[in-house]
Structure formats: C-alpha cells, structure tokens
Amino acid sequence: MSKVSIIMPVYNAERYLREAIESVLRQTYTNFELLLINDRSSDNSVAICKEYGEKDPRIVLLENDTGIHGPGPTRNIGLDHATGEYIYFMDADDWIEDRLLECAVRRMEETNADIVQFGVIYERSDGSHSEPLYWKGKQLLTRDEIKNDIVNFWQNKNESLWLHLFRREPIRRIRFNDAINGEDFCYVMDAMCHVEKIAYIPGAFYHYRYVEGSTSHRWNEETIECRGIIWDHQKKFLDSLPGDLNPLAYAEVAFDNYIWAIYQLCAKGCPLSFTEKRKELSNLAEKMSIDSYRPIYPLKLRSGLHKIKYALVKFHLENALLLLGPVFLRIVRGE
C-alpha cells in the first residue's frame, strides 16, 4: 500500500483546524502521514496540532522557523520532510470527503498517471454551497492530447492545488515560490511541465471554504505583480509541451491571466485609485507582452456576457472594465 504525504500549512487556523484534521483521520485509505507546518500562528493552532499529534503517530507537527514565511515556503518544509510515494496538499480551513485518498490512489495506480485530479464543492459563509465542479472531458490525458486540444483544455482545467494528488517522483525537485498569492497555481504549472499523464475522477471530494480575510481573498500591494509571476509559470508550461504549439494557445492563456488581474483590480477590497489601477495594469501588460496577443485572439471562442470583456481587452479598451468595477464583476460571474 503506497504512502501518501499530506502537507497542510497552518496559520491562525484554530476556527476550522479540527474539522480539517478530523476529515483526514476519517480517510478510508489509512497509509498516510499528515504534516502540519506551523507558520507563526498566534492563536490556539499549535496546541490543537500537538493534541492530535499525541493521539496519532501519523500526524507530525513542524515549524517554519526559516525567516521566509507564507504558504509557499511553509509547504516547502513539508516537501522536505515528506516520505510518501504520493504528495497531497490541503488547506487548514477546508475539509475532504472520507474516500478522497482511496479513490485518488486507486485511480493513480490503475492508470499509472502522474497526477490525479478530482472535483470541489465551494462552501459559502451563508451556509450554502456550489454544485460539485469537476472535469467533464476525457478521463485520461497524455501530454500530446493536451497539446493538440490546448485551448479547450485551458478553458476547462482547474489549477487549484488541493484538487491534485501528485506522484512524487516526477515532481521531486519542484518547490513553491514565495509569492504572497498564486504560488499554488505556479506549483501546479511547474508540476505539469514534468508529467506524462493526468487522470481524472468525475466527482467532488474537496470542500473549499470561503474565509473572509484569508490571504487568497485579500488585496495586497503585490497582487498584480503576482499575476506576472503566474504568467511566467504558465508560459513555461506551454513551452514544455511537445512540438510547435499554436500561438493561439499563448493568447488564450495570456488573456485569461490578464482578465483575472482586471478582476482583482475591480474587487471591493482594492484600495487603488483609477489612475493607480491603470498604472498597475499597464505594467502587467508590458510584462506579459499582451499587445502581441490581441490581434490573434479569436472572439468566437467566447459567447454571451463573457465575450464582452474579451472584446474590450482585444481592442485596447480594458480601462473601461476598470471603470465599470462591480458591473464587470457580475459579467465575470455570468450574472
């Protein structure tokens, strides 16, 4: 029975930490280690971790005492201590279904894939939740198949870190960067540069909880700079695909990343003035060479309200999106 190393960074997570740990302990697949890495928590998180560690030898508490903090460097400590053949990451404020590891490991072993991806249910603060969201395409993809249908793959993929079980060997040397957000997307992109097959499970096993004030939902001065870092890793993934890639693939990924930057600039928590937003977006556009992708992006790839934002970017009118603000957010969400 192969061993799974579950890596969970912990930062002031006492509110939901017990639920996260309990969901791991309920797994029907029992050959795992749970590496809890504390990153300067000032609440009761460490005491909770120690309590569970005393009850179950599979639970190991580690400390991020490196001086380099944040979710990326903290997960790297977990990677340095992991002993399993498979690697799985989850967050300390989420929870997983009892059969996640069992189903993911079985799928990994029956397909000899390097990554297994499954679906998610988003839990909202009002107690409601989304429909199960998961990949609905072909259930096993090789690198050649991804390359040959890259636009469809990109439009339907989910790059969330916690939806992937990784075979350790091909990603052994990959580490997280120290970006304040997006470091998880970068890791998935880097991992995909080194894998030959991705297998899917048509079901949702992860429950993602929206937590107000969490790093991933909070504006900071590096938010747009991080989109540039993410683009570097996305482009690296595209460059890694075999043979010559259709330039349209780069345009699709660039537009997707650039529009997400606009989304973040329009979010309620962004404190920047319109002039400051324009400057941030202009700097990102230059870094991504977005002007080289505008002429080749075919608007026929989009429909309905979503087509509007792509058209505005294509024709150099994205500043109008910044002015629309909340209206644009509704367009993004398809409301």
Margin query: Between Ile21 and Leu34, is there a side-chain heavy-atom distance shorter than 4.5 Å?
Written below: yes
Margin query: Parallel, tilted or perpendicular: which one describes the rings of Tyr293 and Tyr250, with boundaries at 30° and 60°?
Written below: parallel
Next item on the list: May I ask you to decide whether Glu109 forms a salt bridge with Arg106, counting only side-chain N to carboxylate O separations under 4.0 Å?
Entry: no
Notebook entry, point to check: Phe185 and Val195: same hydrophobic cluster, using ILVMFWY side-chain contacts below 4.5 Å?
Noted result: no
Note to self: With a sphere of 6.0 Å drawn around CD of Glu221, does it hold more than 12 non-hydrogen atoms of other residues, nucleotides or ligands?
What the structure shows: no
Notebook entry, point to check: Between Glu102 and Arg99, is there a side-chain N and carboxylate O pair less than 4.0 Å apart?
Noted result: yes
Next item on the list: Apply ring pair (Phe, Tyr, Trp, His ring centres under 6.0 Å) to the pair Phe176 and Phe89, showing each step before the final yes or no.
Entry: CA-CA 12 Å; Phe176 289 86; Phe89 301 94; 5.2 Å; yes
Notebook entry, point to check: Where is the tightest heavy-atom contact between Leu272 and Glu276, given as atom of each residue plus distance?
Noted result: CA-OE1, 3.3 Å
Check: Does Asp43 pair with Arg15 as a salt bridge, N-O distance under 4.0 Å?
Finding: no
Note to self: Does Lys314 qualify as a cation-pi partner of Tyr310, given the criterion of NZ or CZ under 6.0 Å from the six-membered ring centre and within 45 degrees of its axis?
What the structure shows: no
Check: Are side-chain heavy atoms of Leu17 and Cys49 found at a separation under 4.5 Å?
Finding: yes
Margin query: Angle between ring planes, Phe118 versus Phe205, binned at 30° and 60°: parallel, tilted or perpendicular?
Written below: perpendicular
Item checked: Pairing of Glu280 and Lys277 as salt bridge, 4.0 angstrom limit -> no
Margin query: Using the rule that Ile, Leu, Val, Met, Phe, Trp and Tyr join whenever any side-chain heavy atoms are under 4.5 Å apart, tell me whether Phe274 and Leu317 fall into a single cluster.
Written below: yes
Note to self: Quick check on Lys300: does its NZ atom have over 12 non-hydrogen neighbours (other residues, nucleotides or ligands) under 6.0 Å away?
What the structure shows: no
Margin query: Please determine whether the number of non-hydrogen atoms from other residues, nucleotides or ligands lying under 6.0 Å from atom NE2 of His129 exceeds 12.
Written below: no
Notebook entry, point to check: Are Lys55 and Glu51 ion-paired here, with the side-chain N under 4.0 Å from a carboxylate O?
Noted result: yes
Checklist line | SB check Asp239 Lys236 (cutoff 4.0 Å) | finding: no
Note to self: Are Arg75 and Glu183 packed together at the side-chain level, in the sense that at least one heavy-atom pair is separated by less than 4.5 angstrom?
What the structure shows: yes
Note to self: Would you say that more than 12 heavy atoms from the other residues, nucleotides or ligands in this model lie under 6.0 Å from the CZ of Arg124, or not?
What the structure shows: yes
Margin query: Are the side chains of Arg58 and Thr30 in contact, using a 4.5 Å heavy-atom criterion?
Written below: yes
Margin query: Between Glu145 and Lys138, does any side-chain N to carboxylate O distance fall below 4.0 Å?
Written below: yes
Next item on the list: Check whether any side-chain heavy atom of Phe255 sits under 4.5 Å from a side-chain heavy atom of Asn257, and report yes or no.
Entry: no
Notebook entry, point to check: Between Tyr88 and Phe32, does the ring centre distance come in under 6.0 Å?
Noted result: no
Item checked: Atom pair CD/NZ of Glu318 and Lys309 - distance to nearest 0.5 Å -> 14.0 Å
Margin query: If you apply the rule side chain to side chain contact (heavy atoms under 4.5 Å, CB included), what do you find for Ser41 with Glu14, and how did you get there?
Written below: CA-CA 9 Å; Ser41 293; Glu14 66 174 346; over 6 Å; no
Notebook entry, point to check: Once you round to the nearest 0.5 Å, how far does CD of Gln117 lie from CZ of Arg107?
Noted result: 12.0 Å
Check: Is atom CG of Asp244 surrounded by more than 12 heavy atoms (other residues, nucleotides or ligands) closer than 6.0 Å?
Finding: no
Check: Between Arg167 and Asp114, is there a side-chain N and carboxylate O pair less than 4.0 Å apart?
Finding: yes
Next item on the list: Before accepting this row, confirm whether a basic side-chain N of the pair Glu19/Arg209 lies closer than 4.0 Å to the acidic partner's carboxylate O.
Entry: yes
Note to self: Is any side-chain heavy atom of Leu281 closer than 4.5 Å to one of Ile224?
What the structure shows: no
Margin query: Just to verify, which of Leu35, Val10, Ile37, Leu36 counts as forming a side chain to side chain contact (heavy atoms under 4.5 Å, CB included) with Leu61?
Written below: Leu36
Next item on the list: Heavy atoms only: give me the nearest Ser42-Asn12 pair and the separation to one decimal.
Entry: N-OD1, 2.6 Å
Note to self: Is any side-chain heavy atom of Val120 closer than 4.5 Å to one of His207?
What the structure shows: no
Margin query: Please tell me whether Tyr297 and Leu284 are part of a single hydrophobic cluster in this structure, the criterion being side-chain heavy atoms less than 4.5 Å apart.
Written below: yes
Check: Is the distance between the ring centroids of Trp162 and Tyr206 under 6.0 Å?
Finding: yes
Item checked: Check: Leu301 and Leu248 side chains under 4.5 Å, non-hydrogen atoms -> yes
Checklist line | Where Pro132 and Ile121 come nearest, the two heavy atoms and their spacing | finding: CA-CG1, 3.9 Å
Notebook entry, point to check: What closest approach, in Å, do Ala13 and Ser45 show between heavy atoms, and which atom pair accounts for it?
Noted result: N-OG, 2.9 Å
Note to self: Tell me whether Arg302 at atom CZ has more than 12 heavy atoms from other residues, nucleotides or ligands lying less than 6.0 Å away.
What the structure shows: yes
Notebook entry, point to check: Of the non-hydrogen atoms in Pro9 and Thr74, which two are nearest, and what is the gap between them?
Noted result: CB-CG2, 3.7 Å
Checklist line | Arg175 with Asp80: basic N within carboxylate O range, under 4.0 Å | finding: yes
